[in-house]
Amino acid sequence: MLTISYLRNNTDEAIQRLQIKNIDARDSISAILNLDDKRKAAQTTLDNCLAALNNYSKEIGILMKQGKADESAQAKQKAAELSDESKVLRNNLVDIEKQIDELIVKLPNVPHISVPKGRTPEDNVVVRSGGQMPVLPENAKPHWDLITQYDIIDFELGNKLTGAGFPVYKGKGAKLQRALISFFLDNAIDAGYREVIPPLLVNEASGFGTGQLPDKEGQMYHATADNYYLIPTAEVPVTNIFRDEIVAGAQLPIKYTAYTPCFRREAGAWGRDVRGLNRLHQFDKVEIVQVANPEGSYDRLEEMVSHVESIVQKLGLPYRILKLCGGDMSFTSSLTYDFEVYSAAQQRWLEVSSVSNFETFQANRLKLRYRDEATKKSALAHTLNGSALALPRIVAAILENNQTDKGIKIPEILVPYTRFEYIN
RNA sequence: GGAGAGAUGGCAGAGUGGUCGAUUGCGGCGGUCUUGAAAACCGUUGAGGCUGUGAGGCCUCCGGGGGUUCGAAUCCCUCUCUCUCCGCCA
């Protein structure tokens, strides 16, 4: 959620930056600012009323102590009137605040000034690419055939146990999952991230804090008996660790990593490009999260991009890094880089990571602040996160790109984790 | 699930209707003393909002929400959580 002070002090800039996301926010921003003026006036009126009321109450208290109860009658009468008045004024203030809230919650985050304008994924900009495109034999198979051939991932069985999009990993398929998770976590830990294992269900406040609620309610599985939500990404519980916190400026940046399964209903997204591992309802992911000082947050973002890039390189996968255009960015992001790996048998790029800076957008909802050393003042921190990495499409790419006559060759760097060199 | 107790400032812990945003201790910060440090002593030390050029003034917040009252940390209702005992259980 954007702050009113930002909208007030940088009105033109906010309108311009929101245009990058193809949003004309002129009307709603001016409505918000008008309401905020009304809010301030209402606040002042209420405060004055309460101050007068408090004075009468103190006076009554003193008279009572002196045993002059009879003399307090007139003050009581006055105070009662002020008390009634304050209730009306408070309702008015609450009503105005509600109106502001309704408008401001609907405004998406302002994109970074460098974000390209655009509407569709075609307008995303390739920042750089790397890795070797594999040359596959004539009879190369897509991963959904390979997993059946080697009996390592079983969709039919998952379908029996739960439903579509919940595969069962078997044998070397299961072990490959575990190997990748450990490999990703070790890389993150070596890069200075602290590992946490968060809950996989979160409450409403957490869902609101990172921006899943109320808008994207339909994307999460909801355990209605207890009103908990299954996490769509570790970003939700890990970022919410800092909800309602004021951290010391000297601690920044704070870097956390977590492996979790992720649960997504993918309502409305089903039907296209969903074969095999391309889109699942439950998948594994290692997430990296940073809480940063506003001054340095874009350096942190670049650091996270480099971190993800190094992992993809170590796995020997052909990749490219995209800077998302305004139209393809998420509601909460200021700047997002997507990582895609090339899946040779499908002959298409698969998104495996998304690394974003949210600036103060999430922090404002979370009330996540840091205390500046010099000024001793608290201010909203910046939050960032990224996948490092999401497993299924990485697995798909490894399977397809590394298929040989002898079976599927495990990337060198993973062998210490898998303790086998081929899936055959 | 049953019974009981509790939730107060960074922490510990007072406060059971009235000048209480809250005694006190620890911790933190500043100072005196010291070559330096420790000890001792003195001072200071929550968050947010409104207002003012500023100094300052005012308002709200004692787990969340609601109520009683001129006035609530304190009384009532409700929810959540924690602890103890019992039951069940990985």
Side-chain angles (χ1 to χ4, degrees), chain A residues 1-9 32-101 104 197-209 213-214 222-229 237 240-252 254 291 360 362-381:
Chain A
M1 171 163 74
L2 295 169
T3 63
I4 290 178
S5 66
Y6 172 75
L7 294 177
R8 184 174 291 286
N9 300 327
I32 289 166
L33 294 181
N34 281 336
L35 282 166
D36 191 48
D37 287 335
K38 281 168 82 177
R39 190 197 107 251
K40 284 181 182 177
Q43 176 79 256
T44 306
T45 315
L46 172 64
D47 283 357
N48 290 339
C49 175
L50 288 173
L53 175 59
N54 285 343
N55 280 334
Y56 277 116
S57 292
K58 274 180 191 166
E59 199 181 299
I60 294 164
I62 291 166
L63 288 171
M64 299 293 265
K65 255 196 176 158
Q66 293 171 341
K68 299 174 184 167
D70 46 320
E71 287 179 32
S72 67
Q74 203 188 349
K76 272 194 182 179
Q77 171 63 28
K78 279 288 226 181
E81 284 167 20
L82 285 171
S83 177
D84 288 343
E85 192 187 334
S86 76
K87 274 166 195 152
V88 176
L89 294 173
R90 172 159 291 136
N91 287 341
N92 179 241
L93 177 64
V94 168
D95 185 57
I96 294 169
E97 283 172 343
K98 208 180 282 174
Q99 290 179 49
I100 293 174
D101 224 48
I104 205 162
I197 301 180
L200 305 182
L201 282 83
V202 293
N203 57 28
E204 257 181 281
S206 294
F208 179 82
L213 294 176
H222 189 188
T224 53
D226 297 287
N227 199 24
Y228 293 151
Y229 292 87
N240 272 282
I241 289 173
F242 301 99
R243 173 152 47 85
D244 295 323
E245 295 290 332
I246 301 177
V247 300
Q251 291 182 342
L252 301 178
I254 299 171
V291 178
T360 60
Q362 285 182 334
N364 190 32
R365 288 182 159 220
L366 292 160
K367 293 197 174 55
L368 160 54
R369 290 159 293 175
Y370 73 102
R371 192 170 301 284
D372 188 90
E373 317 282 78
T375 65
K376 305 270 185 195
K377 294 247 181 195
S378 64
L380 293 173

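The chains referred to below are lettered A, B, ... by the order of the sequence lines, with proteins before strands, and numbering in each begins at 1. Everything numeric here is computed off the predicted structure, so don't read it as measured data.
Across rC88(B) and rA3(B), the matching C1' atoms stand 16 Å from one another, rounded to whole Å. Comparing rG87(B) with rA14(B), their C1' atoms sit 37 Å apart, to the nearest whole Å. On the C1' atoms, rG18(B) is 7 Å away from rG71(B), given to the nearest whole Å. When the P atom is used for both rC77(B) and rG4(B), the distance is 14 Å, rounded to whole Å. Across the C1' atoms, rG25(B) and rU19(B) are found 26 Å apart, a figure rounded to whole Å. With both ends at atom C1', the span from rG15(B) to rG21(B) equals 13 Å, rounded to whole Å. Annotation: rC62(B) and rA7(B) have their C1' atoms spaced 10 Å apart (nearest Å). When the C1' atom is used for both rC50(B) and rG13(B), the distance is 34 Å, rounded to whole Å.
Contacts of Ile246(A) classified as side chain to side chain contact (heavy atoms under 4.5 Å, CB included), with partners at least two apart in sequence or in another chain: Arg369(A), Arg371(A), Ser378(A). Residues that satisfy the side chain to side chain donor-acceptor pair (under 3.5 Å) test with Tyr370(A), not counting sequence neighbours, are absent from this structure. Qualifying side chain to side chain donor-acceptor pair (under 3.5 Å) partners for Asn9(A), counting only residues two or more places apart in sequence or in other chains: none. Remark: Leu201(A) engages Ala223(A), Tyr228(A), Leu230(A) in a side chain to side chain contact (heavy atoms under 4.5 Å, CB included) (not counting sequence neighbours). When the side chain to side chain donor-acceptor pair (under 3.5 Å) test is applied to Asp95(A), the partners found at least two apart in sequence or on another chain are Gln99(A). Partners of Ser206(A) under the side chain to side chain donor-acceptor pair (under 3.5 Å) rule, at least two apart in sequence or in another chain, are Asn203(A), Arg243(A).
Within the structure, salt bridge (Lys or Arg N to Asp or Glu O under 4.0 Å) pairs that include any residue of residues 72-88 of chain A do not occur (at least two apart or interchain). Sorted by first and then second residue, the side-chain hydrogen bond (donor to acceptor under 3.5 Å, both in side chains) pairs with a member in residues 36-51 of chain A read Arg8(A)-Asp36(A), Arg8(A)-Asp37(A), Asp36(A)-Arg39(A); sequence neighbours excluded. Listed by first then second residue, pairs satisfying side-chain hydrogen bond (donor to acceptor under 3.5 Å, both in side chains) with a partner in residues 52-63 of chain A number zero, not counting sequence neighbours.
Atoms CG and CD1, from Asn91(A) and Ile96(A) in turn, are 11.0 Å apart once rounded to the nearest 0.5 Å.
In RNA chain B, consecutive stretches of 3 or more Watson-Crick or G-U wobble pairs with both distances under 3.5 Å are given as paired ranges: B:1-7 with B:80-86, B:10-12 with B:24-26, B:27-32 with B:40-45, B:46-51 with B:56-61, B:63-67 with B:75-79.
With a 4.5 Å cut-off on side-chain heavy atoms, Phe242(A) and Ile254(A) count as touching.
The distance between atom CG of Asn48(A) and atom P of rG52(B), rounded to the nearest whole Å, is 12 Å.
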Original post:
Which parts of nucleotides 63-82 of chain B does protein reach within less than 4.0 Å, heavy atoms only, written one letter per nucleotide 5' to 3' as B for base, S for sugar-phosphate only and - for none?
Top reply: -------BS-----------
Please write out the pairs of protein N or O atoms and N or O atoms of nucleotides 47-50 of chain B separated by less than 3.5 Å, giving the distance to one decimal.
{"from": "rA47(B)", "atom 1": "OP1", "to": "Arg371(A)", "atom 2": "NH1", "distance (Å)": "3.1"}
{"from": "rA47(B)", "atom 1": "OP1", "to": "Arg371(A)", "atom 2": "NH2", "distance (Å)": "2.9"}
{"from": "rA47(B)", "atom 1": "O3'", "to": "Arg369(A)", "atom 2": "NH1", "distance (Å)": "3.2"}
{"from": "rG48(B)", "atom 1": "OP1", "to": "Arg369(A)", "atom 2": "NH1", "distance (Å)": "3.2"}
{"from": "rG48(B)", "atom 1": "OP1", "to": "Ser378(A)", "atom 2": "OG", "distance (Å)": "2.7"}
{"from": "rG49(B)", "atom 1": "O3'", "to": "Arg39(A)", "atom 2": "NH2", "distance (Å)": "3.0"}
{"from": "rG49(B)", "atom 1": "O2'", "to": "Gln43(A)", "atom 2": "NE2", "distance (Å)": "3.1"}
{"from": "rG49(B)", "atom 1": "N2", "to": "Asp47(A)", "atom 2": "OD2", "distance (Å)": "3.0"}
{"from": "rC50(B)", "atom 1": "OP1", "to": "Arg39(A)", "atom 2": "NH2", "distance (Å)": "3.1"}
{"from": "rC50(B)", "atom 1": "O2'", "to": "Thr44(A)", "atom 2": "OG1", "distance (Å)": "2.5"}

